[in-house]
Number of protein chains: 2
Amino acid sequence: MSAADHSAQYQAFQQLGLKLDMSRGKPSPEQLDLSNSLMDALDTYKAADGTDARNYGGTIGLPEVRALFAELLDVPAAQVVVDSSSSLSLMHDVIMYSLLNGVPGHAPWVQNPVTFLCPVPGYDRHFAICEARGIKMINIPMNADGPDMDLVEKLVAEDASIKGMWIVPKYSNPGGVVFSDQVVARLAAMKTAAPDFRLMWDDAYRFHHLGEKKLAVASILAACAKAGNPDRAIVFASSSKVSWAGSGVAALAASPANVAWWTRHAGIRSIGPDKINQLRHVRFLKDLPTVEALMEQHRQLLKPKFDAVLAQFQALLGDVPGVSWTHPEGGYFIDLITPDGAAKRTVALAKEAGITLTPAGAAFPYGLDPKDRHIRIAPSFPSLEEINKAAQGIALSLRLALAA
Amino acid sequence: MSAADHSAQYQAFQQLGLKLDMSRGKPSPEQLDLSNSLMDALDTYKAADGTDARNYGGTIGLPEVRALFAELLDVPAAQVVVDSSSSLSLMHDVIMYSLLNGVPGHAPWVQNPVTFLCPVPGYDRHFAICEARGIKMINIPMNADGPDMDLVEKLVAEDASIKGMWIVPKYSNPGGVVFSDQVVARLAAMKTAAPDFRLMWDDAYRFHHLGEKKLAVASILAACAKAGNPDRAIVFASSSKVSWAGSGVAALAASPANVAWWTRHAGIRSIGPDKINQLRHVRFLKDLPTVEALMEQHRQLLKPKFDAVLAQFQALLGDVPGVSWTHPEGGYFIDLITPDGAAKRTVALAKEAGITLTPAGAAFPYGLDPKDRHIRIAPSFPSLEEINKAAQGIALSLRLALAA
């Protein structure tokens, strides 16, 4: 096809006057509807231990909600804290406490330059925390089974300023990568120059399968304990994309020393989380089988949207050299990979055609995709019909960007 | 009465085998019951601006909950942020952001020693934040109309390390002090050596009257704006002791520059607060008259408990030289003031008689009451009958401490 043809197709699409937002991994209204009975779930104000959930207190979370997350995350309840609605907040606060106070037995990070390793492409909000709080970031290429471990091992062994690493171990944002057992074992066992190194293990998509098969990732807490580094990993999870995105409950799982440390610092910050919302979630989510059944309903809503994007891309981009995209088995994103230098232009063209995408580069520290190649596609929120149109528009935008 | 008599009375009391906790200012179950219809208040998931309250987003809070707190706090809605359940968390985070990032236009506090002024006796959780995050504290004596302003003005004018001051402007914890208009004006206008000085204005008891008369304190934001220091004060409030202590909504009110600064930093920390709980509170609390009517119901439950303590103290301690106590017109506490060196011993004796009090000294930075004179009495949680007994036991404990 000629450049003129590409332009004509794009212009015809632009004439549709669409207004679609695919910038964030937000659940759709239909997905949120799946949890509407959450509002009727509360049958008592009393927790199992007699605590009045309406009152102050309980920094570590109610026993029954800790037990629920222990079952969901496959860790002992004693190693689980359940807090308020946002796991991102828990990650942020772990970093704030580490910067100003230090992790157990170590000096505050803020006394010296701090560096984090960032597998890329990755989650923009992780990187935003580092950037906002003065933590330098180093890009780590992501392979099919996790980050480039040869590079990771080399860097952490020689640079004591490297205090942490961001990890989304399953259906990673945005690449959909599922970490292999070997990568998990190497992360747990590697020698780090910094004795207070932390893996920020964001288990955001643990139950968020798109395929028939429920893929599993090895337990990082067990691997760290086995390797003699029990305090290395802090696991984060939430019910945000299980129940309601803004009104869920968030959990942290870690070694007993890390849990005690967290609880001490969180107890300075507040007189306890919203325990009514915790009780409500215990009643609604019940147990692992109930959560898995709910996630299957989410899958039924999400899978056709992902399939639509993949089909449009195959039809419109399948013959374009240098263009590829991921086929995720779970999570919330497709990573569209363009030839060098075409991502920003594609996103701009899509915008002019009425489709708002995550800014090109957002999946990289400082918003800088070194080769300008990655576009994060978030198919969850719009309707199936809109998704079909949007994927078409994105593909036409990319073809025009390449033809120009 | 002889020392032997005191001892006999105390021992008789001890025989009752009570087990009462008066250590914290927690609402009673009957107070929490006043807001049980909060759970049925939600009639829609849609905010007035069309936002789906179940989904991500909205760092600054829903428009209608900002409007509600604007009415409650008598500030423009544009200057109000509503976040999650704990105003203490908002105070904590303001300090964390100031330490690591600095307030608008200024360097991070953490680069140099930081000092806060602390009117005493004051709120132990304020002081715990400073202690945990490495902020030095200086005691400021509290007068009947607010802190000793001559001393405050002198210190802030000469010491640029003084970056902030804790304030509970109305029915202060624990002294029940109500700030005069003149004190508010002087705090707003005083010259500070630090250009990035902040008043941490914890308006915790704005609606928490015990008397018939609803006392008012002058607006600090208006006073600061008038004095040419618009960014000096940050006001904090919450519905914790209006609706439910653990599941309320918290608000911050400040200058436009401070609100923008807060929103930017809070947006790094989370993808938005629990907006469902915000909507629920808008429906339940409605407006200022509704809140005031609810607070009148709280007052009906609290007033007899305060009166019982005051009556017991008058009966049992009225003739003891050097003993006094506050007669608060609002708030959650009575400050029992002993002769020098008797507070710790009294709290220990009360403990042995089955009454848990806030540790003596807790109302002072580092837990150190220089003259060991203050005991914070929290009459809200136990039943009226228990309060009567407890006040009796505390009085007997003090008399025995003085007789020994």
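One finds the OG atom of A/Ser89 at 11.5 Å from the CD1 atom of B/Ile268 (value rounded to the nearest 0.5 Å). Atom CZ of A/Arg133 and atom CG of B/Leu99 lie 11.5 Å apart (nearest 0.5 Å). Atom NZ in B/Lys241 sits 3.0 Å away from atom OH in A/Tyr56 (nearest 0.5 Å).
Most heavy-atom pairs under 4.5 Å with chain A, from the set B/Leu100, B/Asn55, B/Ile276, B/Leu42: that is B/Asn55. In terms of non-hydrogen atom pairs under 4.5 Å with chain A, the most contact-rich of B/His92, B/Arg269, B/Arg280, B/Met91 is B/Arg269. In terms of heavy-atom pairs under 4.5 angstrom with chain B, the leader among A/Gly134, A/Ser240, A/Gly267, A/Ala53 is A/Ser240. Taking A/Arg24, A/Met39, A/Lys275 one by one and counting their heavy-atom pairs under 4.5 Å with chain B, the maximum is reached by A/Met39. Of the listed residues (A/Ile95, A/Leu90, A/Asp93), the one with the most heavy-atom contacts under 4.5 Å to chain B is A/Asp93.
Residue contact with chain B, scored on non-hydrogen atoms closer than 4.5 Å, involves the backbone and the side chain of A/Ser247 alike.
Applying a 4.5 Å heavy-atom cutoff, the residues of residues 27-36 of chain A that approach chain B are A/Pro27, A/Pro29, A/Leu32, A/Asp33, A/Asn36. Annotation: residues 103-113 of chain B contacts chain A through B/Val110 [non-hydrogen atoms, separation under 4.5 Å].
Side-chain atoms of A/Ser85 and B/Asp274 include no donor-acceptor pair closer than 3.5 Å.
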